[in-house]
Amino acid sequence: MPELPEVEVVRAGLERHVVGARLTTVDVLHPRPVRRDPRGPAGFAAALTGRRVEAARRRGKYFWLPLDSGDALLGHLGMSGQMLVQPVGAADERNLRVRFGLDRGGELRFVDQRMFGGLLVSAGGAELPPEIAHIARDPIDPEFDDELFVARVRRRTAGVKRLLLDQGLISGVGNIYADEALWRAQIHGDRPGDRLRRGQVVELLGHVRAVLGEALVQGGTSFDALYVNVNGESGYFDRSLAAYGQEGEPCPRCGTPIRRVAFMNRSSFFCPRCQPAPRIPRRV
DNA sequence: ACTACGTCCTGCTTGC
DNA sequence: TGCAAGCAGGACGTAG
C-alpha cells in the first residue's frame with residue numbers, strides 16, 4: 001500500500017537505476033495499466049520507444065520520468081504496483097504488466113497484481129504533468145504552504161481524516177499514515193475540519209510530517225509482500241505502528257484496546273479514549 | 001466549491 | 001474439502 005514514503009523510495013531507485021538510460025523496447029502485456037493513456041497501448045509504446053529518461057520526479061503518490069521528447073512517463077502504484085529493475089532474462093513476475101528494455105542493459109518492469117495503478121505518457125509533462133496539476137504539493141515539499149493548508153482545513157465541514165486523504169488538499173497521505181498521525185495528535189478522524197482549532201491543525205500537520213519522515217528514513221513501510229522497491233527488495237516491515245492494523249491491541253499511550261470501524265469502504269483504527277469521537281457524530 | 005458514494009481489480013483469508 | 005463471501009484501498013466519476 002504505497003503512500004508517499006514508499007513512492008519516494010521508488011523514485012530514488014528510478015533516479016539511480018534508470019535516469020540516463022534510453023528505452024529501447026516497450027511491451028504492454030496487459031491493457032489495463034495503460035488505460036488512462038489516450039493513445040492506447042500501441043501509442044503508449046510508440047511514444048516511449050527510443051526516448052531517453054532525463055530525471056525522476058514525484059508529487060504525492062505520483063512519480064514521473066521526464067523524457068528527451070519533452071513528454072513524461074507518469075505512474076501511480078495504486079495498491080500493489082511495483083517498479084522493478086531486473087536483468088534481461090530474469091523470470092517474468094506473475095503480474096508483470098509492462099516491460100521496458102534499457103540500452104544500458106537490464107529491464108524496467110511494471111508489476112501490479114490488483115491493477116489499481118497505471119502508467120501513461122503525459123504530453124509535455126516533463127515539468128509537471130497536466131494530469132496531476134490538481135494534486136496538491138506534499139508536506140515534504142519545501143514549497144508546501146502550511147498556512148494555506150490550515151486555512152482550507154478549517155473551512156471544510158468534512159471529517160479531518162477525509163481531508164487528510166484529499167489529495168487536492170495535501171498529497172501523499174493514505175489510510176495508514178492518516179490513522180497514525182491522527183493517533184499521535186489525539187484527534188478523532190470524524191472531527192469536522194471547521195471544528196478544529198488552528199493550533200490543532202498545525203500540530204496534526206506536524207505529526208503527518210513526522211510519521212512520513214520516519215517511514216522515509218526506514219525506506220518505506222510495507223504490510224504485505226506485494227510492495228517491493230525498485231531493487232526488488234521488500235520494504236521495511238514496520239512494527240512501530242500505534243494504531244493502524246492494531247485492532248484489539250492496547251493503545252501504546254493509555255492501554256485501551258484500539259478500535260476498528262468501517263470508513264469509506266475501508267477501515268479506520270483509533271484509540272477510543274485518546275481520540276474521543278465528536279459529540280455530534282457524522283454519518284460514515 | 002464541496003460532500004458522499006459507487007466502481008474498478010486480484011488473490012489471500014475466513015466462514016459455512 | 002470446496003466454494004463463496006469478505007477484505008485490502010487510491011483515484012476518479014457522478015449526483016446532489
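Labels below follow one simple rule: chain letters A, B, ... track the order of the sequence lines, proteins then strands, and each chain is numbered from 1.
- An OP1 or OP2 oxygen of C/dG10 is reached within less than 4.0 angstrom by no side-chain nitrogen or oxygen of A/His76.
- The closest donor-acceptor contact from the side chain of A/Asn95 to the backbone of A/Asp112 lies at 3.5 Å or more, if one exists at all.
- Atom CD of A/Glu6 and atom C1' of C/dG10 are 13 Å apart (whole Å).
- For A/Thr157, a side-chain nitrogen or oxygen approaches OP1 or OP2 of B/dT3 to under 4.0 Å.
- Judged purely by atom type and a 3.5 angstrom limit, A/Arg99 has no side-chain atom pairing as donor or acceptor with the backbone of A/Arg97.
- A close approach under 4.0 Å does occur between a side-chain nitrogen or oxygen of A/Gln167 and OP1 or OP2 of C/dA11.
- Put simply, A/Arg162 has no side-chain N or O that comes within less than 4.0 Å of OP1 or OP2 on B/dT3.
- Contact check, A/Arg94 against B/dG11: a side-chain N or O comes under 4.0 Å of OP1 or OP2.
- Under the 4.5 Å side-chain heavy-atom criterion for grouping Ile, Leu, Val, Met, Phe, Trp and Tyr, A/Val160 is connected to A/Ile176 within one hydrophobic cluster.
- Neither OP1 nor OP2 of C/dG10 sits under 4.0 Å from any side-chain N or O of A/Asn265.
- Residue-to-nucleotide proximity on DNA chain B shows that, of A/Arg156 and A/Arg97, the 5′-proximal contact is made by A/Arg156.
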What does the list of N/O pairs under 3.5 Å between the protein and nucleotides 12-14 of chain C look like, with a distance for each?
unit_1, atom_1, unit_2, atom_2, d
C/dC12, OP1, A/Arg36, NH1, 3.3
C/dC12, OP1, A/Arg36, NH2, 3.1
C/dC12, OP1, A/Tyr62, OH, 2.9
C/dC12, OP2, A/His134, NE2, 3.2

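- Closest contact between the side chain of A/Ala158 and the listed nucleotides C/dA11, B/dT10, B/dA4 involves B/dA4.
- At a threshold of 4.0 angstrom between heavy atoms, the contacts of A/Arg35 with the nucleic acid are absent.
- If you take CG of A/Leu164 and P of C/dA11, they are 13 Å apart, rounded to a whole angstrom.
- Regarding A/Asp166, its CG atom lies at a distance of 12 Å from the C1' atom of C/dG10, rounded to whole Å.
- One can place CE of A/Met115 at 16 Å from C1' of C/dA11, the figure rounded to the nearest angstrom.
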Show which side-chain atoms of residues 43-52 of chain A pair as donor or acceptor with protein atoms under 3.5 Å away, not counting sequence neighbours.
unit_1, atom_1, unit_2, atom_2, d
A/Thr49, OG1, A/Ala45, O, 2.7
A/Arg51, NE, A/Asp68, OD1, 2.6

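- No donor-acceptor contact under 3.5 angstrom links the side chains of A/Ser171 and A/Lys61, judged on distance only.
- Taking atom CG of residue A/Leu4 and atom C1' of nucleotide C/dG10, one finds them 14 Å apart after rounding to whole Å.
- Using a 3.5 Å distance cut-off with no hydrogens or angles, the side chains of A/Glu93 and A/Gln82 do not pair a donor with an acceptor.
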Under 3.5 Å, which donor-acceptor pairs do the side chains of residues 256-264 of chain A form with other protein atoms, sequence neighbours left out?
unit_1, atom_1, unit_2, atom_2, d
A/Arg260, NE, A/Ser267, OG, 3.2

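- The distance from atom CE of A/Met264 to atom P of C/dA8 is 14 Å, rounded to the nearest whole Å.
- Closest to the side chain of A/Ser267, out of C/dA8, B/dC2, B/dG11, is C/dA8.
- B/dC5 atom C1' lies 11 Å from atom CZ of A/Arg266, rounded to whole Å.
- In this structure, A/Gln82 atom CD and B/dG11 atom P are separated by 13 Å, rounded to whole Å.
- Using a distance-only test at 3.5 Å, with no hydrogens or angles considered, a donor-acceptor pair links the side chain of A/Glu180 to the main chain of A/Ala243.
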